[in-house]
2 protein chains.
Amino acid sequence: MTLKTSTPSRGRPRDPKKLESIVQTAKQLFSEHGFERISVDEIARQAGVTKATVYSYFGSKEALFGATVLHKVREEFALGEGQTLDPRSPEEGLQVIGKQFLSLIRRDDVLGAHRTLFSCAGVHPDLCEAFFRSAPFMVHAEVTRFFEACIEIGSMKNAIAADAADQFLSLHLGIGHIKAMLGLGKPDPAEDDRLVQRNINLIKQAYDLKSLPA
Amino acid sequence: MTLKTSTPSRGRPRDPKKLESIVQTAKQLFSEHGFERISVDEIARQAGVTKATVYSYFGSKEALFGATVLHKVREEFALGEGQTLDPRSPEEGLQVIGKQFLSLIRRDDVLGAHRTLFSCAGVHPDLCEAFFRSAPFMVHAEVTRFFEACIEIGSMKNAIAADAADQFLSLHLGIGHIKAMLGLGKPDPAEDDRLVQRNINLIKQAYDLKSLPA
DNA sequence: ATAATAATGTACTTGACAGTCTATTAAATA
DNA sequence: TATTTAATAGACTGTCAAGTACATTATTAT
């Protein structure tokens, strides 16, 4: 761990820009190439800093990895930023959620983060746990809350909110997402829109989604 | 590449057991730990062979990786082995497909293969392509054929077979699968059965699945 | 048997990379 | 301005792994 955050009164103070640069660079390179394929030298080089500086902030490559790969994931994976979803129009809500979720999981950095975290499954269980709680779980919880509201006011029927949320989200993780995770083919916005619509229709039929008057 | 398959008439012949041992060991270790975390020395050691022997079959670590990680995936990922699914009972068919698919994607070696392949997304595009065609794509195609048969005889309605297949399969790739990919939590057969049933119900309602008389 | 051929084993070379050491430089107080 | 404290730079070290070279051993054809 060994991250020195204290700013002592005497002596040369830390340059906050350097820390920021290290974190940003490391995050990007780890996500893009994975833990083992990136050297600390390379991170330092691209961050415009030397390795000693990196090691003065982070005591080891693992510590750097842990501290940076989870840096602000929660914010980056946030779905409904500012969006107020109206449970009286569940279909519209799902439009928003579906499109946002899909563009989220099509992003290169998000795909990279998943690849990188998956690849350290047995090796860094704590990191995987932290990632899970701050990314997939948060998104799921957010959608669950929306469905709870829908069920509450009766715009959705015969559903368990958490199950339906899992279903709606997972519907976007099929063949297309596997291709994306494997780095095959580029995202096709038109196809993705169709995907969202297809999945909304499924949920709509099964859970009897209805718009209610204001 | 440099895999010498020819068995010349003169000289010491290859020991087929050694090749088999190398391939098996490499496949297991690569799937379990990933490409970068496993050394050729380790593979050779566990295969009961020396590195020179490995290099006499495979010219490089990459060649070994490519040749072994895809070794018989098609067979291993096969879904309906011998099962004859009756499109007149679509719900039963989906029971079989869902359970088999779920136990497939819960297997450690299958999870490992996905992690390993995902992690070499940009690095070995050809491998990723080959994997995609022989595993996820094949499974999808298999389910698509079943749905086509259902649509044909009228036990399923308002569906595009390929879309519905993607939907049904992807429904099993939600939170639970992400946890598994991250190495968190152990598989829970009871929970998994519930998951399959939940997903069948969704498809059943949306596509009006009906059992037809024989 | 013996020569020919090729697989296997041992030891080596090379390079890369994690992590450290020491000197220098920048800032902040007195 | 002098002194102190710590950040930074660049060179250095030790380890580990990929790939190679050469010696040896096993097998087949003559």
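Below, chain A is the first sequence line, B the second, and so on; all start at residue 1.
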* Asked: Counting only heavy atoms not in B:Asp193, do more than 12 sit closer than 6.0 Å to its CG atom?
  -> yes
* To do: Could you tell me whether A:Ile38 contacts a base, only the sugar-phosphate backbone, or nothing, with contacts defined as non-hydrogen atoms closer than 4.0 Å?
  => sugar-phosphate
Do any N or O atoms of the protein come closer than 3.5 Å to N or O atoms of nucleotides 19-21 of chain D, and which pairs are they?
{"unit_1": "D:dG19", "atom_1": "OP2", "unit_2": "B:Tyr55", "atom_2": "OH", "d": "2.8"}
{"unit_1": "D:dG19", "atom_1": "OP2", "unit_2": "B:Lys61", "atom_2": "N", "d": "3.0"}
{"unit_1": "D:dG19", "atom_1": "N7", "unit_2": "B:Lys51", "atom_2": "NZ", "d": "2.7"}
{"unit_1": "D:dG19", "atom_1": "O6", "unit_2": "B:Lys51", "atom_2": "NZ", "d": "2.8"}

* Over 12 non-hydrogen atoms of neighbours within 6.0 angstrom of CG in A:Asp188 -> yes
* For the pair A:His114 and A:His177, name the ring-plane relationship: parallel under 30°, tilted 30 to 60°, perpendicular over 60°. => perpendicular
* Asked: NA contact type, B:Ile43, heavy-atom cut-off 4.0 Å: base, sugar-phosphate, or nothing?
  -> nothing
* To do: Classify the ring geometry between B:Phe35 and B:His124 as parallel (under 30°), tilted (30 to 60°) or perpendicular (over 60°).
  => perpendicular
* **side-chain N/O A:Thr53 vs D:dA9 OP1/OP2, d < 4.0 Å** => yes
* Asked: Hey, what's the ring geometry for A:Phe137 with A:Phe132, parallel, tilted or perpendicular (30° and 60° as the breaks)?
  -> tilted
* Asked: Touch check for B:Thr50, heavy atoms < 4.0 angstrom, all strands: base, sugar-phosphate only, or nothing?
  -> base
* Please report, rounded to the nearest Å, how far the C1' atom of D:dA18 is from the CZ atom of B:Phe65. => 16 Å
* To do: Write down the distance between NZ (B:Lys17) and P (C:dT8), rounded to a whole number of angstrom.
  => 13 Å
* Rounded to the nearest angstrom, tell me the gap between atom CZ in A:Arg37 and atom C1' in C:dA18. => 18 Å
* **Atom-to-atom span, CG of B:Leu64 to P of D:dA17 - whole angstrom** => 15 Å
* Matching residue for A:Glu20 among A:Lys17, A:Lys18, A:Gln24 - test: side-chain hydrogen bond (donor to acceptor under 3.5 Å, both in side chains) -> A:Gln24
